[in-house]
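Below is one structure, written out as structure tokens; comments come after it.
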Amino acid sequence: MSQIAQSIDAAASADSNFSLGSSEPFAVPLLIDGELVEGSGDPIEVHDPSTGEALGMYRGASAEDVDRAAQAAGRALRGPWAKLSPAKRAKLIWDLADALERNAEEFAALESENTGKPIELMRRFELPQAVEILRYNAGWATKLNGETREVSLPGEWHTYTERRPIGVAGLIVPWNNPLVMAAAKLGPALAAGCTVVLKPAEITPITAVKLGKLATKIGFPEGVINIVPGLGSVAGEALATHPLVPKISFTGSTKVGKHLQRTTADSLKRLSLELGGKSPVVIFADADLEKAIEAAARSIFNNSGQVCAAGSRLYVEASVAERVIAGIAERAKQLRVGGAFEEGVMMGPLVSAVQRDRVLGYIEAGIAAGANVVAGGGALERPGYFVAPTVLTDTTPEMSVVAEEIFGPVLVTQIFDDSEDLDDIATRANDSEYGLSGYIWTRDIRKAHGLARRLRTGNIRVNTVSGMDVNMPFGGIGASGYGKENGREGVEAYTELTSVAVNLDS
Ligand code: NAP
Ligand code: MG
């Protein structure tokens, strides 16, 4: 084992205290066939977004590395993994959840350092969420069934359907919630009986590799879980085009999602695409306004706006618009923004300098097009990739800040008139190529359900900003992609349905 591999091996042990940028030499190996190995691809620099400083370099996965990972996953699929009963698979996934929970503090610290997320929010939300996702999916391993079917063919028949694992699943995830996203892909894929090759985003590879290593330590057979951090254009491309990988589950941008649809066309791979969003928040005058204001602010500033389902377009009824917009702007100004490990911080930096500059570019374009800044409006004067929580008024549908996904802490606001009916309001809310989430605030049950049925989005929440449960199917339509994660549908996405007809006459 190379020295780099040894250092992360120690890092992944349940008892070690590993911290990036501390005395430990920085290293991110790949996990292939149960072994930590150094990548043979391009060198990749990893930063601490809270300071902007480099944490270190690692070598990403090359196409050859991805090939070895896919081969290992293929062997495990036909070998030890196929021989395990569903109950044993369930137990292993549950055990992984327990191991993650035991090591929660270490995972939280690593993720915070690598992404800039406030550590307290990691502890309170993302770690428990990742654990919960694994536990929930563990239960599905023993509950995936086909069914018998009655047929009307002449003679006597025994006919039934079977759910089979689709094979080696290629999992490609972005940088906004690296650990939660890894759990959300691994849990259902493993429950369904697939083996996996997971490619984390190149800039946030650490917790995924560590989770994979932890899985190997607690007893997952070698090759069932392979982790290949590296460049999308190299490792991601190699995975998406690999002949041993019949299924790609992708979370990321619409641009790359479309690219994957093209690159997988010839092989007819099965694709799940969880893409971007520009989700509307509609607040009616009769809503519980204090709750709505608080929730609207949380929805866009949580994780510095780097959330696919963020409520990023606000539509508020004219009679309460001033109060609501002022309330959200006030919260934006009060929000404690700072480094991941600073006390009391509620919003961290953006994940990278590239992402910060992208967000700032949108804000500038909005201002140039006539938007008015009522909170934030620029970068924070400090090292690291900070953008102030921003609220823009006087925005119109043609502006890029309104039409495009910013993936940053920027809320655009528009006002609708009391005379507009639900169809008019829905037309405004649906005026987007995306269709991921929609948020409705009203005490009027007729407006709530009436607008909900008119919204063209995959997920709708009424009088809440949360409501995202692992048992509720999640996924978008239009430019937000297709396929569902979570729930039974999320596990079935990793299966093939086969039907068997047995003639009993002869
Ligand atoms: P991205 O550029 O599309 O990257 C996502 C992943 O795809 C990364 O691992 C990336 O690798 C990889 N990739 C890039 N090019 C590839 C290629 N040619 N072939 C295969 N893989 C490739 O997205 P991002 O900028 O990291 O993430 C932000 C986006 O994700 C936003 O649009 C957001 O809305 C979306 N998102 C959606 C959901 C959802 O559930 N709907 C959840 C979270 C985020 P690199 O690291 O090298 O780029
Ligand atoms: Mg990218």
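Treat the numbers as computed from the prediction; the structure is a model and nothing was measured. Each ligand, and each atom within it, is numbered from 1 in the order the structure gives.
Not a single N or O atom of Val256, backbone or side chain, sits closer than 3.5 Å to an N or O atom of ligand 1. Annotation: Phe474 places no N or O atom under 3.5 Å from an N or O atom of ligand 1; distance criterion only. Between Phe250 and ligand 1, no N or O atom pair is found at a separation short of 3.5 Å.
More than 12 heavy atoms of other residues, nucleotides or ligands lie within 6.0 Å of NZ in Lys143, so this atom counts as buried by the packing criterion.
Salt bridge Glu105/Arg123: present, at least one basic N to carboxylate O contact under 4.0 Å. A salt bridge links Arg75 to Asp33: one of the charged nitrogens lies within less than 4.0 Å of a carboxylate oxygen. A salt bridge is defined here as a Lys NZ or Arg NE, NH1 or NH2 lying under 4.0 Å from an Asp or Glu carboxylate O, and Lys278 with Glu433 fails to meet this definition. Salt bridge annotation for Arg68-Asp65: present, with a cationic side-chain nitrogen under 4.0 angstrom from a carboxylate oxygen. One finds a salt bridge joining Glu101 and Arg135 here, because a Lys/Arg side-chain nitrogen approaches an Asp/Glu carboxylate oxygen to under 4.0 Å. A salt bridge is absent between Glu111 and Lys117; no separation between the charged side-chain nitrogens and carboxylate oxygens falls under 4.0 Å.
In Leu239, neither the side chain nor the backbone holds a heavy atom less than 4.0 Å from any atom of ligand 1. If you look at Ser253 next to ligand 1, the close heavy atoms, those under 4.0 Å, come from the backbone and the side chain alike. With a 4.0 Å cut-off on non-hydrogen atoms, Met181 touches ligand 1 through its side chain and not its backbone.
Comparing heavy-atom distances from atom 5 (C) of ligand 1 across Asn459, Thr251, Val351, Leu260 singles out Thr251 as nearest. Residue nearest to atom 11 (O) of ligand 1, selected from Glu405, Lys199, Lys278: Lys199 (by heavy-atom distance). The option from Ala235, Gly170, Gly252, Cys308 that lies nearest to atom 35 (C) of ligand 1, judged by heavy atoms, is Gly252. Summarising the contacts of atom 44 (C) of ligand 1 with Leu171, Ile203, Asn176, the nearest heavy atom is found in Asn176.
The distance from ligand 1 to the heavy atoms of His259 drops below 4.0 Å at these ligand atoms: 18 (N). Residue-ligand proximity, Glu237 to ligand 1, at heavy-atom distances under 4.0 Å covers atoms 17 (C), 18 (N), 19 (N), 20 (C). Within ligand 1, counting atoms from 1 as listed, the ones closer than 4.0 Å to a heavy atom of Leu436 are 41 (N). Listed by number with element, the atoms of ligand 1 under 4.0 angstrom from any heavy atom of Ile172 are 6 (C), 7 (O), 9 (O), 12 (C), 20 (C), 21 (N). Close approach of ligand 1 to Leu231 (heavy-atom distance below 4.0 Å) involves ligand atoms 47 (O). When each atom of ligand 1 is checked for a heavy atom of Gly276 under 4.0 Å away, the hits are 32 (O), 34 (O). Residue Ala201 has at least one heavy-atom neighbour below 4.0 Å for each of these atoms of ligand 1: 9 (O), 46 (O). Atoms of ligand 1 lying under 4.0 Å from at least one heavy atom of Glu274, given by number and element, are 37 (C), 38 (C), 39 (C), 40 (O), 41 (N).
Put simply, no part of Lys255 is less than 4.0 Å from ligand 1, judged by heavy atoms.
In the model, Thr204 has no side-chain atom that pairs as donor or acceptor with a side-chain atom of Asn114 under 3.5 Å. Between the side chains of Thr263 and Lys269, no donor N or O sits under 3.5 Å from an acceptor N or O.
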For residues 193-200, dump all side-chain donor-acceptor pairs below 3.5 Å to protein atoms at least two apart in sequence or in another chain.
residue: Thr195; atom: OG1; partner: Ala73; partner atom: O; Å: 2.8
residue: Lys199; atom: NZ; partner: Gly230; partner atom: O; Å: 2.8

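Considering only residues two or more places apart in sequence or on other chains, Glu53 meets the side chain to side chain donor-acceptor pair (under 3.5 Å) condition with none of them.
Contact annotation: the side chain of Thr396 never approaches that of Val402 to less than 4.5 Å [non-hydrogen atoms, C-beta and beyond].
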